[in-house]
Amino acid sequence: MSFTVTAQQKQQYHQQGFFMTPPLFDPEFTQKVSDEFDRLWVSETARAGGPYQDTQPAGEPGFMISIAMRSRILGEVFRQETFLDVWRGLLGGNADLNYDQIVMKQPESVTNRSSYEFAFHQDNYYALRGGDGQNWDEAIYLDNHRAYQGWMAFSETTLENGTLFVVPGTHRFGLLEHNREGKRGFDCAVDPHVDVAKKIPVLLQPGQLLVFSGLLPHGSGLNRSPSARKVMQFSISEPGGRPAPFARPLLRNGRCVMA
């Protein structure tokens with residue numbers, strides 16, 4: 001099984017700042033990964049003394065970081081040939097995995113509280129202006145074709161369960177103005193280039209991948225469904241510059257080198 005990034009997908013990315021793949025894995029593997037999300041959630045919330053009791057790694061809003069190093073099953077995602085084909089098609093033979101994390105958006109029935117929202121933001125704003133910017137190379141991360149973000153579903157993502165919304169085309173305006181808006185995080189809706197009325201939802205089936213620019217404004221809503229929204233989120237770029245805090249080699253000369 002292989003995957004080829006098409007000219008149409010590259011054109012959509014250039015014009016709108018994102019594209020979506022078909023499901024990249026067979027259903028059995030996708031379900032195994034989904035089950036591992038649940039296992040880690042139970043383990044981490046038990047360690048923390050309950051859901052959302054601290055901020056890392058099981059706290060609000062349900063992030064678990066560096067999961068490829070913590071779980072053999074989740075690490076396998078980054079070594080699947082169909083997954084690697086995406087980055088070969090975009091970056092050639094050399095790529096780094098800069099960070100990876102689970103984002104579990106649990107429903108209110110699990111957390112006994114309203115599920116969280118994320119304000120519209122750029123991921124590269126968090127990287128470059130969020131506190132550890134000295135560890136990121138701006139020449140790479142401000143270039144839409146040298147660094148990419150990935151958002152991979154391991155449950156269906158729907159309007160009801162708080163899927164992502166993006167504002168197409170706004171990645172072309174570079175790093176935008178952001179406000180800090182309480183628990184909803186950095187908010188770039190204050191920038192005159194961002195019209196959130198033009199947002200569109202990203203609706204994915206398990207195993208589908210959203211590839212998007214780290215400069216594309218995006219946000220998400222509440223989970224009003226009865227089950228968790230399960231997503232793996234990560235950054236992949238060409239090697240070079242200062243290493244990001246959790247970066248490690250992924251591809252060299254077209255071959256997977258991630259242990």
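All of these numbers come straight from a predicted model, not from anything done at the bench. Heads up: numbering here begins at 1 and tracks the sequence.
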Value for CG (Leu215) from CG (Leu176), rounded to nearest 0.5 Å, stands at 7.5 Å
All ring-ring contact (aromatic ring centres under 6.0 Å, His included) counterparts of His171, not counting sequence neighbours
none
Measure the shortest side-chain to side-chain distance between Met232 and Gln101 over non-hydrogen atoms and say whether it is less than 4.5 angstrom.
no
Under a 4.5 Å side-chain heavy-atom rule over Ile, Leu, Val, Met, Phe, Trp and Tyr, are Met20 and Val231 clustered together?
yes
Under the side chain to side chain contact (heavy atoms under 4.5 Å, CB included) criterion, do Phe37 and Ile67 qualify, and how do the steps go?
CA-CA 10 Å; Phe37 272 47; Ile67 41 85; over 6 Å; no
For Asp35 and Arg39, indicate whether the former's side chain and the latter's backbone hold a donor-acceptor pair under 3.5 Å.
no
List, one per line, each side-chain donor-acceptor pair under 3.5 Å for residues 198-212, sequence neighbours excluded.
unit_1: Gln205; atom_1: NE2; unit_2: Glu156; atom_2: OE2; d: 3.4
unit_1: Gln208; atom_1: OE1; unit_2: Gln205; atom_2: N; d: 2.7
unit_1: Gln208; atom_1: NE2; unit_2: Thr21; atom_2: O; d: 2.8

With sequence neighbours left out, what residues match Arg224 under salt bridge (Lys or Arg N to Asp or Glu O under 4.0 Å)?
none
Tabulate below the donor-acceptor pairs under 3.5 Å that side-chain atoms of residues 147-154 make, not counting sequence neighbours, or state none.
unit_1: Gln149; atom_1: OE1; unit_2: Ser235; atom_2: OG; d: 3.3
unit_1: Gln149; atom_1: NE2; unit_2: Tyr99; atom_2: OH; d: 2.8
unit_1: Gln149; atom_1: NE2; unit_2: Asp123; atom_2: OD2; d: 2.9

Only counting residues at least two apart or in another chain, list the ones meeting ring-ring contact (aromatic ring centres under 6.0 Å, His included) with Phe25.
Phe29
Would you name the heavy atoms of Tyr141 and Ser237 that are closest together and state the gap between them?
OH-OG, 3.5 Å
Flag yes if Phe173 and Val166 sit in one hydrophobic cluster, no otherwise; membership is Ile, Leu, Val, Met, Phe, Trp, Tyr, and two members link when side-chain heavy atoms are under 4.5 Å apart.
no
Keeping to residues at least two apart or across chains, list the salt bridge (charged side-chain N to carboxylate O under 4.0 Å, His left out) pairs with something in residues 20-33.
Lys32-Glu76
Reported NE2-to-CZ distance for the pair His218 and Phe165, which is rounded to 0.5 angstrom:
13.0 Å
Measuring from atom CZ of Phe18 to atom CG of Leu216, what distance do you get when rounded to the nearest 0.5 angstrom?
7.5 Å
Would you check if Arg129 and Leu175 make a side-chain contact, meaning some heavy-atom pair closer than 4.5 Å?
yes
Nearest heavy atoms of Leu84 and Cys256, plus distance in Å
CD1-CB, 3.5 Å
Asn161 and Asn223: side chain to side chain contact (heavy atoms under 4.5 Å, CB included), yes or no, with the steps?
CA-CA 4 Å; Asn161 71 13; Asn223 183 353; 3.4 Å; yes
Which residue pairs satisfy the salt bridge (charged side-chain N to carboxylate O under 4.0 Å, His left out) criterion with at least one member in residues 227-236, sequence neighbours excluded?
Asp38-Lys230
Do any N or O atoms from the side chain of His121 and from the backbone of Pro217 form a donor-acceptor pair under 3.5 angstrom?
no
Calculate, to the nearest 0.5 Å, the distance between atoms OG and CD belonging to Ser220 and Glu117 respectively.
8.0 Å
Can you name the salt bridge (Lys or Arg N to Asp or Glu O under 4.0 Å) partners of Arg172, sequence neighbours left out?
none
Tell me which pairs pass side chain to side chain donor-acceptor pair (under 3.5 Å) where either residue lies in residues 246-259, with sequence neighbours left out.
Asp96-Arg252, Asp100-Arg248
Measuring only between side-chain heavy atoms, which start at C-beta, is Arg88 closer than 4.5 Å to Glu81?
yes
Give a yes or no on whether Leu142 and Phe186 share a hydrophobic cluster (residues Ile, Leu, Val, Met, Phe, Trp, Tyr; joining criterion: side-chain heavy atoms under 4.5 Å apart).
yes
So, the side chain of Asp187 versus the backbone of Asn179: is there a donor-acceptor pair under 3.5 Å, distance only?
no
Is Leu97 close to Ile236 at the side-chain level, that is, under 4.5 Å between some pair of heavy atoms?
yes
Shortest non-hydrogen contact from Met104 to Ala228?
CE-CB, 4.4 Å
Just jot down the ring-ring contact (aromatic ring centres under 6.0 Å, His included) partners of Phe78, sequence neighbours excluded, or say none.
Phe83, Phe234
Might you point out which heavy atoms bring Ala68 and Met258 nearest each other, and give the distance in Å?
CB-CE, 4.2 Å
Are the side chain of Thr4 and the backbone N or O of Thr6 linked by a donor-acceptor pair below 3.5 Å?
no
Any sub-3.5 Å donor-acceptor pair from Ser71's side-chain atoms to Leu74's backbone N or O?
yes
Atom pair CZ/NZ of Phe19 and Lys10 - distance to nearest 0.5 Å:
9.0 Å
Can Leu24 and Val86 be said to form a side chain to side chain contact (heavy atoms under 4.5 Å, CB included), step by step?
CA-CA 10 Å; Leu24 294 177; Val86 175; 4.2 Å; yes
Salt bridge (charged side-chain N to carboxylate O under 4.0 Å, His left out): pairs with one or both residues in residues 143-154, sequence neighbours excluded
Arg146-Glu238
When rounded to the nearest 0.5 angstrom, what distance separates CG in Asn144 from CG in Asn124?
8.5 Å
For His145, ring-ring contact (aromatic ring centres under 6.0 Å, His included) partners two or more places apart
Tyr13, His14
Transitively linked via ILVMFWY side-chain contacts under 4.5 Å: Val33 with Met69?
no
The test is side chain to side chain contact (heavy atoms under 4.5 Å, CB included); show your working for Leu90 and Val5 and say whether it passes.
CA-CA 7 Å; Leu90 294 172; Val5 179; 4.1 Å; yes
For residues Leu250 and Ile73: do they belong to one hydrophobic cluster (side chain heavy atoms under 4.5 Å, members Ile, Leu, Val, Met, Phe, Trp, Tyr)?
yes
Between His178 and Gln122, is there a side-chain heavy-atom distance shorter than 4.5 Å?
yes
